[in-house]
Each structure stands twice: as C-alpha cells, then as structure tokens.
Undergrad: 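To start, I am sharing the structure in question, which I have written as structure tokens.
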Amino acid sequence: MTVSGAERGCIFGITKVMKKKKKNHDCIVELYHCNYESRVESVFKHKELRNSHHKDDSEWGGTGMYFWDNEGNAEYWKKQKDGKADIFRCYVKFDARNDLLDLTDLNVEKRLDQFIRLASKEPKLQYLKKASIGDKIDFFCEKCNVKLVKFFGK
C-alpha cells in the first residue's frame, strides 16, 4: 500500500497518549504532524491526542492522530490539505517492543492477520472478517494495548 506522492515514507498513527514509564526498550523517533496550530495546541500543551476524523481513517490506520516519518511527506500532506496548514516536528518516546505495531514488517503484518482470523472465529467477533483494515487495527490496538502503529499509506 502506498500514498500517491509519498511512496517512500511511512505514516505513524498514535492511538493513545503514552505515559512515561521506565522500560528497557525505549526509543525516540522524530515525527511530523501536519495540521492547523489551533487544532494541535492541546496535543503539545496538555498531551491530549486529537483523533483524526478523515473519511478514509477506517481504510488507513484507524482511530488516532497521524504523523509522517519525514518532513517531505508532511509537505506532501500539507499540499493535500490546502497548503495552509502548519507542520509540527515532535519527538515521540515509546517502548519499541510493547507499544509499537510495525505493519511495515511483513512478519508483523502476517501475525496481525492471524490474530484477526482467530479472533473472528468467536461468534461476537465475526464482524472482523469483513471489517476495514482501520477497524481491525483499532481492535488489535485496544486488545493488546498498542499505542503506536507504523504503516505504509494506502
């Protein structure tokens, strides 16, 4: 899956605010968010996520706040929005083994598919068989307490 004009890059979706915990596998990643200053003010001041409400979220990474992996890809998205949005650089610290669902790794993607297939055998979860990729990601993140999803655009 790729986003036209941004094939090289990855998109990160943050599903939950990450609280500081002492963990052994912490890493820090520089990310870029493209939006209007008035909409991201609460994120930086109060550490409250502002979930995306884009019509394609269920076909992308699901519920969360979207960040780009580099400034060039953020510039691409800025042009898609209308060219008037701002680009914010931020640093996200997370536990790479426990907080991240890295769907750019084929093995991780296969494990997610297996998890969804197994879960959808439960009568209450059969809806997952036909759910969008974003809804499947949301389900997995909620059940496994994943806070950060890395994926290629659609």
Side-chain angles (χ1 to χ4, degrees), residues 1-21 23 25-113 115-116 127-128 130-154:
M1 296 183 288
T2 60
V3 174
S4 177
E7 290 85 7
R8 299 176 313 281
C10 301
I11 304 168
F12 287 79
I14 298 179
T15 62
K16 299 178 184 175
V17 173
M18 289 172 255
K19 297 182 177 149
K20 292 182 180 177
K21 292 181 184 176
K23 296 183 179 177
H25 308 289
D26 281 348
C27 64
I28 299 173
V29 177
E30 181 179 70
L31 298 175
Y32 299 85
H33 182 70
C34 182
N35 213 322
Y36 302 100
E37 187 172 357
S38 61
R39 292 188 181 168
V40 297
E41 189 174 341
S42 65
V43 174
F44 296 109
K45 283 188 178 177
H46 308 291
K47 298 188 190 237
E48 297 172 359
L49 289 182
R50 184 179 177 105
N51 288 341
S52 171
H53 297 288
H54 193 277
K55 64 183 175 74
D56 291 331
D57 283 350
S58 66
E59 299 302 322
W60 286 20
T63 303
M65 190 168 178
Y66 289 77
F67 294 80
W68 292 94
D69 63 331
N70 62 58
E71 198 168 359
N73 288 334
E75 286 285 343
Y76 158 79
W77 190 243
K78 178 179 179 173
K79 289 176 188 168
Q80 296 300 307
K81 289 184 79 97
D82 69 8
K84 297 177 184 172
D86 296 305
I87 294 175
F88 298 89
R89 179 185 307 155
C90 61
Y91 297 90
V92 178
K93 183 176 182 178
F94 59 96
D95 179 334
R97 289 197 182 167
N98 296 303
D99 294 339
L100 176 66
L101 174 64
D102 185 355
L103 295 175
T104 65
D105 180 329
L106 184 59
N107 292 331
V108 172
E109 185 179 350
K110 287 177 183 178
R111 285 194 298 270
L112 174 64
D113 287 342
F115 179 88
I116 295 298
Y127 72 92
L128 287 170
K130 295 185 180 181
S132 67
I133 186 62
D135 292 340
K136 291 175 182 177
I137 290 170
D138 285 346
F139 175 81
F140 183 85
C141 289
E142 182 180 322
K143 296 298 178 194
C144 298
N145 201 31
V146 170
K147 298 169 183 69
L148 184 68
V149 180
K150 180 180 178 184
F151 62 96
F152 294 117
K154 82 177 194 183

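Throughout, residue positions are numbered sequentially from 1 according to the sequence presented. Worth saying up front: this structure is predicted, and the values here are computed from it rather than measured. Only this structure's heavy atoms are used, side chains among them; waters, hydrogens and symmetry mates stay out.
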Undergrad: With under 30° as parallel and over 60° as perpendicular, where do the rings of Phe67 and His33 fit, or are they tilted in between?
TA: tilted

Undergrad: Looking only at non-hydrogen atoms, find the nearest pair between Trp60 and Ile133 and report the distance.
TA: O-CG2, 3.6 Å

Undergrad: Determine yes or no for a side-chain-to-main-chain donor-acceptor pair under 3.5 angstrom, with Asp56 supplying the side chain and Glu59 the backbone.
TA: no

Undergrad: Measuring from atom CZ of Phe151 to atom CD1 of Ile137, what distance do you get when rounded to the nearest 0.5 angstrom?
TA: 6.5 Å

Undergrad: Measuring from Thr104:OG1 to Glu109:CD, what's the distance to the nearest 0.5 Å?
TA: 9.5 Å

Undergrad: Looking at Leu103 and Val149, what are the two nearest heavy atoms and their distance?
TA: CD1-CG1, 4.1 Å

Undergrad: When rounded to the nearest 0.5 angstrom, what is the spacing between NZ in Lys150 and CG in Asp69?
TA: 7.5 Å

Undergrad: If only atom types and distance count, is the side chain of Ser132 paired as donor or acceptor with the main-chain N or O of Ser58 below 3.5 Å?
TA: yes

Undergrad: Taking the side chain as C-beta and beyond, is there a heavy-atom pair between Asn73 and Tyr32 under 4.5 Å?
TA: no

Undergrad: Can you check whether Thr63's main-chain N or O pairs, donor with acceptor, with Asp138's side chain at less than 3.5 Å?
TA: yes

Undergrad: As a quick check of understanding, evaluate side chain to side chain contact (heavy atoms under 4.5 Å, CB included) for Leu100 and Phe94, giving each step before the final call.
TA: CA-CA 8 Å; Leu100 176 66; Phe94 59 96; 4.0 Å; yes

Undergrad: Considering residues at least two apart in sequence or located in another chain, which fulfil the side-chain hydrogen bond (donor to acceptor under 3.5 Å, both in side chains) criterion with Arg39?
TA: none

Undergrad: Are any of the side-chain heavy atoms of Met65 and Val40 separated by less than 4.5 Å?
TA: yes

Undergrad: Please round to the nearest 0.5 Å and tell me the distance separating atom CG of Leu148 and atom CG of Asn98.
TA: 12.5 Å

Undergrad: Could you pull out all residues at least two apart from Asp57 that satisfy side chain to side chain contact (heavy atoms under 4.5 Å, CB included)?
TA: Ser52, His54, Tyr66

Undergrad: Please list every donor-acceptor pair under 3.5 Å in which a side-chain atom of residues 81-90 meets a protein atom from a residue at least two apart or in another chain.
TA:
unit_1	atom_1	unit_2	atom_2	d
Asp82	OD1	Tyr36	OH	3.2
Asp82	OD1	Lys84	N	2.6
Asp82	OD2	Tyr36	OH	2.6

Undergrad: How many angstroms lie between CG in Asp99 and CG in Asn145, if you round to the nearest 0.5 Å?
TA: 7.5 Å

Undergrad: Look at the rings of Trp68 and Trp77 and say which category their plane angle falls in: under 30° parallel, 30 to 60° tilted, over 60° perpendicular.
TA: tilted

